[in-house]
Amino acid sequence: MGAIIQIANLLIQTLFTLYLLAVLLRFILQLSRADFYNPISQFLVKVTTPLLQPLRRVIPGAMGLDIAAIVLAVALHIIATVLLLLVNDLSLNNYALLPLWAVLGCLNLAVKVYFIAIIASIVLSWVAPGSYNPGILLLHQLTEPVMAPFRKIIPPMGGLDLSPIFVIIAIQIVQIIISSLGASAGITWRVAPLVIGF
């Protein structure tokens with residue numbers, strides 16, 4: 001019985017995390033005004049459109065933000081958490097916390113995306129500087145809005161850009177804040193493995 005629960009946990013977490021990442025990446029790329037003719041962007045649009053299109057009919061965008069994508073991400077997170085709780089035969093004292101957990105989980109996942117993207121852009125700037133690969137261009141378009149304010153404060157010194165170090169520190173501070181908010185919202189060590197993003 002234990003193996004079946006582990007397999008169910010693996011499948012639920014993997015499938016929901018991948019789709020949640022696709023929805024969040026689509027939202028983040030729209031927010032950073034990335035090139036939507038990029039093949040990776042086109043893939044994300046094709047994968048997420050079947051669930052986003054019906055939601056957009058009901059939930060319009062506001063102030064340039066795709067509110068339907070945010071609602072879809074939170075809903076997917078809630079569904080995944082409920083499924084994981086059911087599979088593991090756990091219950092909650094207060095199911096009203098699920099939307100808060102979902103928002104915190106989505107935020108934490110988005111912050112992890114930026115962390116990985118910045119690390120990847122640092123490595124690629126050494127390995128493949130000036131490359132025109134669609135993935136590298138999209139990575140640059142994703143990270144540049146976050147890096148630009150830090151570059152204004154900390155200009156490159158002798159051709160060495162130190163701003164990513166400070167961006168990574170800021171990301172880690174945000175992750176600490178999200179984790180402490182999650183702990184105060186009841187995401188304990190027992191439940192944390194079941195909450196995607198934590």
Side-chain angles (χ1 to χ4, degrees), residues 17-45 47-48 61-74 76-77 100-185 187 189 192 195-198:
T17 302
L18 288 174
Y19 201 79
L20 195 57
L21 274 172
V23 172
L24 288 174
L25 276 172
R26 179 174 177 164
F27 176 76
I28 292 169
L29 290 172
Q30 285 176 335
L31 201 60
S32 60
R33 303 198 188 290
D35 178 21
F36 265 81
Y37 293 106
N38 186 303
I40 297 169
S41 297
Q42 289 297 310
F43 169 76
L44 291 172
V45 167
V47 167
T48 57
M63 299 183 305
L65 296 176
D66 188 4
I67 305 299
I70 296 170
V71 170
L72 178 61
V74 169
L76 286 171
H77 199 290
L100 178 61
W101 288 12
V103 169
L104 291 174
C106 290
L107 279 174
N108 209 21
L109 201 56
V111 169
K112 286 179 183 180
V113 164
Y114 270 108
F115 180 80
I116 292 169
I118 288 170
I119 296 293
S121 70
I122 291 169
V123 170
L124 288 171
S125 71
W126 294 336
V127 176
S131 177
Y132 292 103
N133 182 297
I136 295 174
L137 292 174
L138 197 63
L139 197 61
H140 177 71
Q141 292 170 348
L142 178 71
T143 58
E144 190 56 32
V146 175
M147 303 274 275
F150 286 91
R151 283 197 182 113
K152 289 178 185 174
I153 298 169
I154 308 152
M157 294 180 218
L160 187 61
D161 186 10
L162 298 177
S163 60
I165 295 170
F166 295 97
V167 173
I168 289 172
I169 291 170
I171 285 174
Q172 289 177 336
I173 290 169
V174 170
Q175 284 180 321
I176 291 169
I177 292 169
I178 291 172
S179 293
S180 66
L181 287 172
S184 65
I187 302 175
W189 64 270
V195 181
I196 294 174
F198 277 90

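Basis for what follows: all heavy atoms, side chains included, without hydrogens, waters or symmetry-related copies.
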**Report entry** Where at least one partner belongs to residues 28-43, residue pairs that pass side-chain hydrogen bond (donor to acceptor under 3.5 Å, both in side chains), sequence neighbours excluded
**Finding:** none
Query raised in the report: Do any pairs count as a side-chain hydrogen bond (donor to acceptor under 3.5 Å, both in side chains) and have a residue in residues 113-130, sequence neighbours left out, and if so which ones?
Result: none
Query raised in the report: So do the side chains of Val111 and Ile178 get within less than 4.5 Å of each other, counting heavy atoms only?
Result: yes
Query raised in the report: Which pairs pass salt bridge (Lys or Arg N to Asp or Glu O under 4.0 Å) with one or both residues in residues 117-137, sequence neighbours excluded?
Result: none
Please list, one pair per line, the donor and acceptor atoms closer than 3.5 Å that link side chains of residues 149-165 to other protein atoms, with sequence neighbours excluded.
{"residue": "Arg151", "atom": "NE", "partner": "Asp161", "partner atom": "OD2", "Å": "2.7"}
{"residue": "Arg151", "atom": "NH1", "partner": "Glu144", "partner atom": "OE1", "Å": "2.7"}
{"residue": "Arg151", "atom": "NH1", "partner": "Glu144", "partner atom": "OE2", "Å": "2.9"}
{"residue": "Arg151", "atom": "NH2", "partner": "Asp161", "partner atom": "OD2", "Å": "3.1"}
{"residue": "Asp161", "atom": "OD1", "partner": "Ser163", "partner atom": "N", "Å": "3.2"}
{"residue": "Asp161", "atom": "OD1", "partner": "Ser163", "partner atom": "OG", "Å": "2.7"}
{"residue": "Asp161", "atom": "OD2", "partner": "Ser163", "partner atom": "OG", "Å": "3.3"}

Query - Residue pair Ile119 / Ile168, side-chain heavy-atom distance below 4.5 Å - result: yes
**Report entry** Where at least one partner belongs to residues 118-129, residue pairs that pass salt bridge (Lys or Arg N to Asp or Glu O under 4.0 Å), sequence neighbours excluded
**Finding:** none
Query raised in the report: Mind checking whether Tyr19 and Val47 have side chains closer than 4.5 Å, heavy atoms only?
Result: yes
Query raised in the report: Going through the distances and angles, do Leu124 and Leu139 end up as a side-chain contact (heavy atoms from CB on, under 4.5 Å)?
Result: CA-CA 10 Å; Leu124 288 171; Leu139 197 61; 3.7 Å; yes
Query - Approximate separation, where rounding is to 0.5 Å, of Ile67 CD1 and Leu72 CG - result: 13.0 Å
Query raised in the report: Going through the distances and angles, do Leu29 and Ile40 end up as a side-chain contact (heavy atoms from CB on, under 4.5 Å)?
Result: CA-CA 11 Å; Leu29 290 172; Ile40 297 169; 5.7 Å; no
Report task. Name all pairs fulfilling the side-chain hydrogen bond (donor to acceptor under 3.5 Å, both in side chains) condition that reach into residues 61-70, sequence neighbours left out, sorted by first residue then second. Result -> Arg56-Asp66
Report task. Can you measure from CG (Leu20) to OG1 (Thr48) and round to the nearest 0.5 angstrom? Result -> 12.0 Å
